[in-house]
Amino acid sequence: MAAELMDGVAVARAVREDVARGVADLVARGVTPGLAVVLVGEDPASTVYVRNKGKACEEAGMRSVTIRMPATTSQGELLAQVDALNADPAIHGILVQMPLPPQCSADEVIRRIDPAKDVDGFHPVNAGRLLIGDPDGFAPCTPAGVMELLRRYDVPTKGAEVVVIGRSNIVGKPMGALMIQPGVDATVTTCHSRTRDLAGHARRADILVAAIGRARFVTADMVKPGATVIDVGINRVEEPRSKTGYVLAGDVDFAAVREVAGRITPVPGGVGPLTIAMLLKNTLRAASRVAP
Ligand code: GUN
């Protein structure tokens, strides 16, 4: 029997409606949450993401500021922009869109953002807070979105075997940290490109999270029948018959895996829409802290 589809679009809509209600409450108390998104250069995918973030912000009743800087921006100019946003009381959340041009250091820029405005959850202070279970931190939006999806579909996590494929700072590592939080209580295995017998680990998973950035990497033989499969990947695969010359594929071989899994996220329309919804949620939280 084919797996149940986990509808990230519907869950994201519900989160955004919750956020919009929270924003309306804050506005009534005199605070309009403000998110600043900094885009350096004109990377086409980043330009689309940034536009979508701004639109989602405004739909939720927040103020959205997009700062576009040329691809030739120096590290000093970018840091000065971050400093200005840190000091701006109308801005509660700051996101510097990645990737940055080669003359800019993402690590240094991330460390310069005030952790209280780091709604991406990338600052080491927020990474540390997540690890020690400090609720004042911000969790990165994609793994936070996965948790939201699991909650809204009542996927049991207590004592569950979770296998995360991928060890990035943005998804794989924080995903594992969220899954072992008290109340979630999963048992986590993190696999990566050097893992021996990755398929053997994956086959034990009750919840399998694929975040390795390789198209259709997870095949049906790597999935335990009935498992929940969460696909975080979004990869371009050449397809001459398509108008654009490519199609988007996740890290999971969707057509085959859906015949084995119990639940599965599609790509697109799975985890992706939740990333923006969780960004709005983090921005609302950041603004709530400074509200009277
Ligand atoms: N580039 C792609 N995804 C993201 C994200 O979630 N945050 C930032 N800052 N850059 C990105």
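This one's a predicted model, so the numbers in the text were calculated from it and none came from an experiment. Order of appearance sets the numbers: ligands from 1, and atoms from 1 within every ligand.
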Inset, instruction - Run the salt-bridge test on D206 and K224 with the 4.0 Å N-O cut-off and return the result as yes or no. - result: yes
Inset, instruction - Could you tell me whether some N/O pair between L95 and ligand 1 is separated by less than 3.5 angstrom? - result: no
Legend entry - R152 bridged to D18 by N-O distance under 4.0 Å: yes
Inset, instruction - Below 4.0 angstrom from a heavy atom of V96, which ligand 1 atoms are there? Numbered from 1 as shown, please. - result: 8 (C), 9 (N)
Legend entry - Atom indices of ligand 1 within 4.0 angstrom of F122 heavy atoms, with elements: 7 (N), 8 (C), 9 (N)
Inset, instruction - For atom 10 (N) of ligand 1, grab the closest protein heavy atom and report residue, atom and distance to one decimal in Å. - result: M98 N, 2.9 Å
Legend entry - Sidechain N-carboxylate O distance under 4.0 Å for R216, D253: no
Inset, instruction - Would you tell me whether Q75 and Q103 have side-chain atoms, one donor and one acceptor, within less than 3.5 Å of each other? - result: no
Legend entry - Heteroatom distance test (T275, ligand 1): nitrogen or oxygen, under 3.5 angstrom: no
Inset, instruction - Check whether any N or O atom of Q97, backbone or side chain, sits under 3.5 Å from an N or O atom of ligand 1, and answer yes or no. - result: yes
Legend entry - L279 and ligand 1 - part of the residue with a heavy-atom distance under 4.0 Å: neither
Inset, instruction - Mind listing the closest non-hydrogen atom pair of P292 and R29 along with its distance? - result: O-NH2, 3.3 Å
Legend entry - Cationic N near anionic O, under 4.0 Å, K281 to E148: yes
Legend entry - atom 6 (O) of ligand 1: nearest protein contact (heavy atom, Å): D120 OD1, 3.8 Å
